[in-house]
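Notes follow the structure.
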Amino acid sequence: MEFAGEDYFRFMAYERAADAVHNAPPLADLALAGELTSLPGIGKSIAEKIQSILETGTCGYLEELRAQYPPRLMEVLTVPGIGIKTARMLFEQFEIGSLADLEAALEDGTLAGAPRLGKKSIENLRRGILASKGRSRRWPLGVARPIAEALIEYLRANVRADNLIAAGSLRRAEPTVGDIDVICTSGEPDAVIKAFASFSRAQAVLAEGSTKGSIWLETGLQIDLRVLPAHLFGNLLQHFTGSREHNIQLREMAVRKNLRVSENGILNLETGDNITCTTEEEVYSALGLAFIPPELRLGLGEIDAARNGTLPRSIELADLRGEFHMHSRYSDGANTLEEMVEACAVRGYAYHAISDHSQYPTRGGDVGLTPEAARRQRDHVRGLGNRFGIRTLCASEVDVRPDGSLVFDERTLAEFDLVIASVHTGTNASRDEMTRRMIAACENPYVSIIGHPTGRYVDETSDFAGYEFDYDAVFAAAARTGTALEIDGHPARLDLPSALARRAKGFGVTFTCDSDAHSIPALGNVSYAVGQARRAWLEPADVLNTRSLEAVLAFVAQKRASAALPANKH
DNA sequence: GCCGTTTTCGGCCCGACTGTTTTCAGTCG
């Protein structure tokens with residue numbers, strides 16, 4: 001649209017709509033429910049185009065544009081320093097329609113004399129092409145966060161700085177991030193930047209100014225550090241946390257009140273007063289809003305909620321009294337049963353469940369426990385008694401067969417305190433088959449939790465979006481049957497995805513936040529689950545493992561009691 | 001193309017940085 005010279009605000013509308021789609025639950029569900037225009041930035045026209053794309057794979061307008069321009073033209077825009085104006089000029093005057101065309105033109109000097117492209121710009125483009133080749137990837141949260149934490153620890157030990165914090169997508173707990181933004185306040189910014197540039201894992205220093213530095217790690221991951229004056233910390237943290245769409249909406253709202261919001265303060269356009277804030281709370285308060293947790297800042301209704309006082313009381317890690325999903329050496333875990341129990345006690349949990357796998361076949365052979373082995377494990381757990389000062393529930397992560405039945409029979413299931421049902425195999429079944437399978441699992445009276453419900457994976461190479469099923473139908477079944485849906489904190493899973501979890505909450509579903517730990521350190525992954533739960537607007541009351549042990553057991557017992565009832569009773 | 005606690009028409013976030021065009025356009029986040 002930009003190449004075609006389309007009106008700026010028109011293609012901006014598409015860009016904002018694309019952003020909303022990226023953060024929304026699957027569009028097929030919304031389209032079916034006639035809810036596409038409920039997404040912010042999607043009106044009648046774009047909804048019609050989405051409908052067409054869902055039905056036919058494309059839409060008329062897109063095909064019109066595709067016919068006008070070579071398919072690889074967009075590559076040129078990925079080069080840092082080339083925006084739409086330059087790309088258009090290169091296409092129209094030099095017939096550059098791909099990255100390869102651009103590289104060739106830079107080689108043979110045909111770009112000499114091009115408007116606004118001097119010697120320095122040409123050189124920057126050469127470097128930019130090299131940079132762009134290693135940079136298009138995104139990084140899983142589970143990879144980026146430990147790196148940010150290591151950097152912050154290093155700076156804390158070596159410089160005089162306060163308010164060291166990772167902002168940006170990391171702070172919003174996005175499942176993947178494009179880079180790491182760290183900010184801090186200090187009276188000695190030069191020394192801070194210098195120490196930053198000397199970070200042992202830095203492979204290249206891209207910028208080393210007086211208030212901002214950029215480094216590349218050997219993997220190509222970029223880290224930016226900004227050092228700021230303390231009296232502006234609130235404004236800056238708010239600005240650098242984003243998201244872009246959240247900031248746009250916030251500033252649009254502020255403009256209607258004659259206020260101009262930026263990282264430099266909140267300027268009252270009538271009086272000329274500039275309000276600077278040392279905390280984010282002050283920023284939101286100055287705009288008449290309640291504090292919005294970073295994980296909610298996606299431009300998906302949080303600003304209205306902050307104005308109306310209808311924001312959730314977001315769940316926090318400290319709300320968890322235990323968790324349900326972890327493995328020991330009995331199946332594929334790295335630590336012994338005792339080690340896992342003790343580690344959970346050390347974390348301060350009142351209770352936890354050991355949920356080793358049931359037996360199921362994999363390409364590498366069977367994994368998991370037979371019913372007999374599960375019974376031996378149960379006796380082992382019972383024998384621990386209160387040795388570690390924590391209540392250990394005997395649980396199992398039981399595999400769901402393609403027909404929706406579980407690999408353990410009812411008698412075996414009844415012997416566990418708690419059962420998690422998970423799909424690990426046969427994931428290429430049709431949408432209808434998978435929907436029936438998931439609903440059958442929910443309807444099993446012994447299943448209290450559905451583990452990693454969509455099967456999606458998060459990493460830099462795989463875009464496996466999980467197995468397809470009718471999410472709304474399964475959410476309704478989970479709510480109706482009293483089955484909790486897990487938010488799995490394994491950084492490669494983060495499943496349920498937050499957009500789906502937020503939708504499921506609308507059906508009245510109960511959730512769990514679990515680590516899915518296969519080792520002691522991985523118990524910490526439960527914090528990723530909490531981050532996704534916050535992005536889904538979940539409150540403590542929505543999450544089973546914020547409740548007392550008695551309440552958890554009652555949740556399990558209530559559903560099991562339905563096993564004694566005839567079908568169709570409720 | 002979207003949207004509205006003044007508005008269904010007439011607006012649309014904000015600033016830093018860079019290179020080059022001696023006053024600013026283009027890019028980026």
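These values consider heavy atoms only, across backbone and side chains, with no hydrogens, waters or symmetry-generated copies. Below, chain A is the first sequence line, B the second, and so on; all start at residue 1. This one's a predicted model, so the numbers in the text were calculated from it and none came from an experiment.
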Pairs: protein N or O with nucleotides 3-11 of chain B N or O, under 3.5 Å:
unit_1: B:dC3; atom_1: OP1; unit_2: A:G41; atom_2: N; d: 2.7

Stepwise side-chain contact (heavy atoms from CB on, under 4.5 Å) check, A:L99 with A:R72:
CA-CA 8 Å; A:L99 196 54; A:R72 312 193 68 175; over 6 Å; no
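- Under a 4.0 Å N-O distance rule, the pair A:E539/A:R534 does not qualify as a salt bridge.
- With salt bridges taken as basic N to acidic carboxylate O contacts below 4.0 Å, one links A:R16 and A:E252.
- Under the Watson-Crick or G-U wobble criterion, with both distances below 3.5 Å, B:dG15 is paired with B:dC28.
- A salt bridge does not link A:E123 to A:K120: none of the charged side-chain nitrogens sits closer than 4.0 Å to a carboxylate oxygen.
- There is a side-chain donor-acceptor pair under 3.5 Å between A:Q249 and A:E245.
- For the C1' atoms, the distance from B:dT20 to B:dT27 is 14 Å, rounded to whole Å.
- As rounded to the nearest Å, B:dT23 and B:dC28 have P atoms that lie 25 Å from one another.
- Going from the P atom of B:dT7 to that of B:dC2 covers 22 Å, rounded to whole Å.
- Closest approach of A:I215 and A:A197 over heavy atoms only: CG2-CA, 4.2 Å.
- Among the atoms of the strands shown, none is found under 4.0 Å from any heavy atom of A:K257.
- The backbone N or O of A:C277 lies less than 3.5 Å from a partner atom in the side chain of A:N235, making a donor-acceptor pair.
- Here A:Y8 and A:F11 bring their ring centres to under 6.0 angstrom of each other.
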Check nucleotides 16-18 of chain B against the protein and report each pair of N or O atoms closer than 3.5 Å, with its distance, or say if there are none.
unit_1: B:dA16; atom_1: OP1; unit_2: A:N264; atom_2: ND2; d: 3.3

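- Using a 4.0 Å heavy-atom distance criterion, A:K44 is classed as a sugar-phosphate-only contact.
- Counting non-hydrogen atoms under 4.0 angstrom, A:I248 reaches a base of the nucleic acid.
- Taking atom P on both nucleotides, B:dC13 is separated from B:dG4 by 14 Å, rounded to a whole Å.
- Looking at heavy-atom distances under 4.0 Å, A:L250 makes no contact with the nucleic acid at all.
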